[in-house]
Structure formats: C-alpha cells, structure tokens
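So the structure is just underneath, and the comments pick up after that.
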Amino acid sequence: MIDAEHYQRVLGDELRKLRRGRGWTRKELNAHLQSEISLQTLATYELGTRQCSVVRLVELCVAMDELPQDLLAKVHSRVFTEEPGRVRVDLRRVVEEAGPELTPLRRWAEGRLRQLGVAPSRTRSSGGVAGSGAGSSASQTPGGGLGPAAGSASTPSQPSHAPASQSDGEVSFDFAALERMAELCGLPTAELVSHLRKLAPA
C-alpha cells in the first residue's frame, strides 16, 4: 500500500536535495527548465504539497542531470523501508498520542503492552483499556491478534503470519490487520495508515 501524501513528501525532499547538491537556488533551477514554472510551484513540488506530473518530473531531472529512474529509486528505498504492505508502529506512542478516532487501536495497544510487560510513559485516563468492559472496542486475544470487538459479531483475529510485537513495544501490521483495524475505527484503510505513520518508532 502506498501512502500518497508520504510518497509526495519524500519525492519533494529528494528533489530539494538534488537541487541543493548542484548548489542551485530555485531561481537558478528555473532558468535551466525548458518550460515556464513559477518559483512557488517549484516550492510546492519540493514540499510535497503538489503532485508533480511524470513529464514535469522528467523535465526537472533532465535539468539537474539526474536519471528519473535513479531519483525514483531513492524515493522507493525511503518509502518502502519495511517489507511491502507492512506498517510498523510504536504501541507506546499509540497509547499516549492517538486521537479519539483511533480509540479502538489505542485500547488494543494498551492490552498488547500489558501482555508484553511494557508500560507506557504515561497512561491515558479516558476510554478504558482493551478488554476492560463492554465499552471496549477491541479486545486482546491470547495470540496477540485483534480480537472480536464488544458488540461485534465477527471481527477476525490478526493473521498468524503477522510478526509478534518486539519486547520494546513495537509491532508491524500487515495489510489484512490494517483493514480490520480500519473497520474497527470506522476509517478508510489509507487514512488509518496515514495516522499510523505518525506513530512510527522514532
């Protein structure tokens, strides 16, 4: 799964590093382009807040004497630092920083941390913990997967091939587990992934 916003930010960062590597300002880069691009547009490309078309990306690469495939290879290596389709998160950060839209995930993370014997640096006072009562949206199963939610007829457990949490409280979600947690949270899977990337291990 590709997080489009994250990909654009990384692409923009690589374009900025490439320009700075040549010792150019955006104005100097603009002078080497064959088409008219405003300095503001170049800035939004580098910030990753504006999508860059394939033709425009090639034009930028040619101007800076970089093969487009080499630039994209750098972006790919940064975006997919883990096994494709998996997202790694720090469960302690989930417990401490997750917003109300991620309450089911936070409750599950609390139960998972208790199972691992890892205490968060501070405990959220609201919302309860996984499996603590009827209000819990995600319970902790003996196998450590995503168990049935209270009041939910069938929430499948996390697949057995998903790696177990590390002793320091980090866990890697595969796509199937992400889909189930997104359903529990009532979010599109892509939106959940965007939230989780902000809760990645430091």
Side-chain angles (χ1 to χ4, degrees), residues 1-99 101-102 105 109 161-163 165-166 168-182 185 187-202:
M1 172 182 291
I2 298 176
D3 181 336
E5 292 183 2
H6 178 60
Y7 196 96
Q8 283 179 210
R9 286 195 298 271
V10 174
L11 176 60
D13 187 55
E14 288 296 332
L15 284 170
R16 181 170 59 251
K17 289 198 298 185
L18 185 60
R19 173 179 60 79
R20 289 178 175 175
R22 296 192 65 84
W24 290 352
T25 63
R26 293 194 184 107
K27 185 175 182 179
E28 289 171 325
L29 169 59
N30 200 18
H32 287 80
L33 298 175
Q34 66 180 43
S35 60
E36 287 291 327
I37 304 177
S38 70
L39 297 182
Q40 182 178 1
T41 297
L42 284 176
T44 57
Y45 287 156
E46 292 186 355
L47 290 172
T49 57
R50 179 171 181 161
Q51 290 188 355
C52 183
S53 70
V54 174
V55 173
R56 183 58 54 80
L57 178 62
V58 171
E59 182 180 354
L60 289 168
C61 288
V62 168
M64 293 185 283
D65 197 26
E66 174 85 353
L67 291 174
Q69 59 266 35
D70 289 346
L71 179 68
L72 289 176
K74 295 174 186 176
V75 175
H76 189 89
S77 66
R78 288 181 57 184
V79 172
F80 298 101
T81 54
E82 298 180 342
E83 180 182 347
R86 291 187 180 274
V87 177
R88 180 166 290 280
V89 297
D90 185 333
L91 296 180
R92 291 164 300 186
R93 294 192 64 189
V94 172
V95 171
E96 296 163 7
E97 302 174 28
E101 70 279 1
L102 299 180
L105 173 64
H161 62 270
S165 300
Q166 297 179 357
D168 59 0
E170 295 179 14
V171 67
S172 183
F173 287 92
D174 66 7
F175 184 68
L178 288 169
E179 285 192 314
R180 278 191 291 277
M181 183 52 73
C185 294
L187 298 172
T189 304
E191 185 176 339
L192 174 65
V193 170
S194 181
H195 282 296
L196 292 182
R197 291 199 183 280
K198 299 174 185 177
L199 301 170

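- Across all their heavy atoms, A200 and R93 have their closest contact at O-NH1, 2.7 Å.
- Atom-to-atom distance recorded for L11:CG and H76:NE2 is 13.5 Å, nearest 0.5 angstrom.
- With rounding to the nearest 0.5 Å, the separation of CG in L178 from CG in L187 is 12.0 Å.
- S53 pairs by the side chain to side chain donor-acceptor pair (under 3.5 Å) definition with nothing, not counting sequence neighbours.
- Residues forming a salt bridge (Lys or Arg N to Asp or Glu O under 4.0 Å) with R9 (at least two apart in sequence, or on another chain): none.
- Applying the ring pair (Phe, Tyr, Trp, His ring centres under 6.0 Å) test to pairs two or more places apart or on separate chains, none has a residue in residues 33-69.
- Pairs of residues two or more places apart, or lying in two chains, that qualify as salt bridge (Lys or Arg N to Asp or Glu O under 4.0 Å) and include a residue from residues 22-39 are R26-E46.
- Annotation: ring pair (Phe, Tyr, Trp, His ring centres under 6.0 Å) contacts involving residues 52-75, sequence neighbours excluded, are absent.
- Taken to the nearest 0.5 Å, the CG atom of D90 stands 8.0 Å off from the CD atom of E96.
- For E191, the side chain to side chain donor-acceptor pair (under 3.5 Å) criterion is met by no residue, not counting sequence neighbours.
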Worksheet item: Passes side chain to side chain contact (heavy atoms under 4.5 Å, CB included), L42 versus R19? Steps please.
Response: CA-CA 11 Å; L42 284 176; R19 173 179 60 79; over 6 Å; no
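- Looking at heavy atoms from C-beta onward, V94 lies out of side-chain contact with L102 at the 4.5 angstrom threshold.
- Around CD of E101, the count of heavy atoms belonging to other residues, nucleotides or ligands within 6.0 Å exceeds 12.
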Fill in: Trace of the side chain to side chain contact (heavy atoms under 4.5 Å, CB included) decision for L105 with L196
CA-CA 10 Å; L105 173 64; L196 292 182; 3.3 Å; yes
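- The CZ atom of R20 sits 11.5 Å away from atom OG1 of T25, with the distance rounded to the nearest 0.5 Å.
- Rounding to the nearest 0.5 angstrom, the gap separating the CZ atom in R92 from the CD atom in E170 is 7.0 Å.
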For residues 57-68, please give each side-chain donor-acceptor pair under 3.5 Å, one per line with the distance, not counting sequence neighbours.
from, atom 1, to, atom 2, distance (Å)
E59, OE1, S35, OG, 2.9
E59, OE2, Q34, N, 3.0
E59, OE2, S35, N, 2.9
E59, OE2, S35, OG, 2.8
E66, OE2, K74, NZ, 3.1

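- Considering only residues two or more places apart in sequence or on other chains, D70 meets the salt bridge (Lys or Arg N to Asp or Glu O under 4.0 Å) condition with none of them.
- Taking both residues in full, the closest heavy atoms of V10 and V75 are given as CG1-CG1, 3.9 Å, listed atom of the first, atom of the second, then distance.
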Practice prompt. Apply the test side chain to side chain contact (heavy atoms under 4.5 Å, CB included) to residues L192 and F173: give CA-CA distance (whole Å), side-chain angles for both, the deciding distance (0.1 Å), then the verdict.
Written response: CA-CA 11 Å; L192 174 65; F173 287 92; over 6 Å; no
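- For residues 12-38, the ring pair (Phe, Tyr, Trp, His ring centres under 6.0 Å) pairs, not counting sequence neighbours, are W24-H32.
- Atom CD of Q40 has 12 or fewer heavy atoms from other residues, nucleotides or ligands within 6.0 Å.
- Taking CG from D13 and CG from L18, the interatomic distance works out to 11.0 Å, rounded to the nearest 0.5 Å.
- In this view, K17 and E14 satisfy the salt bridge (Lys or Arg N to Asp or Glu O under 4.0 Å) rule, not counting sequence neighbours.
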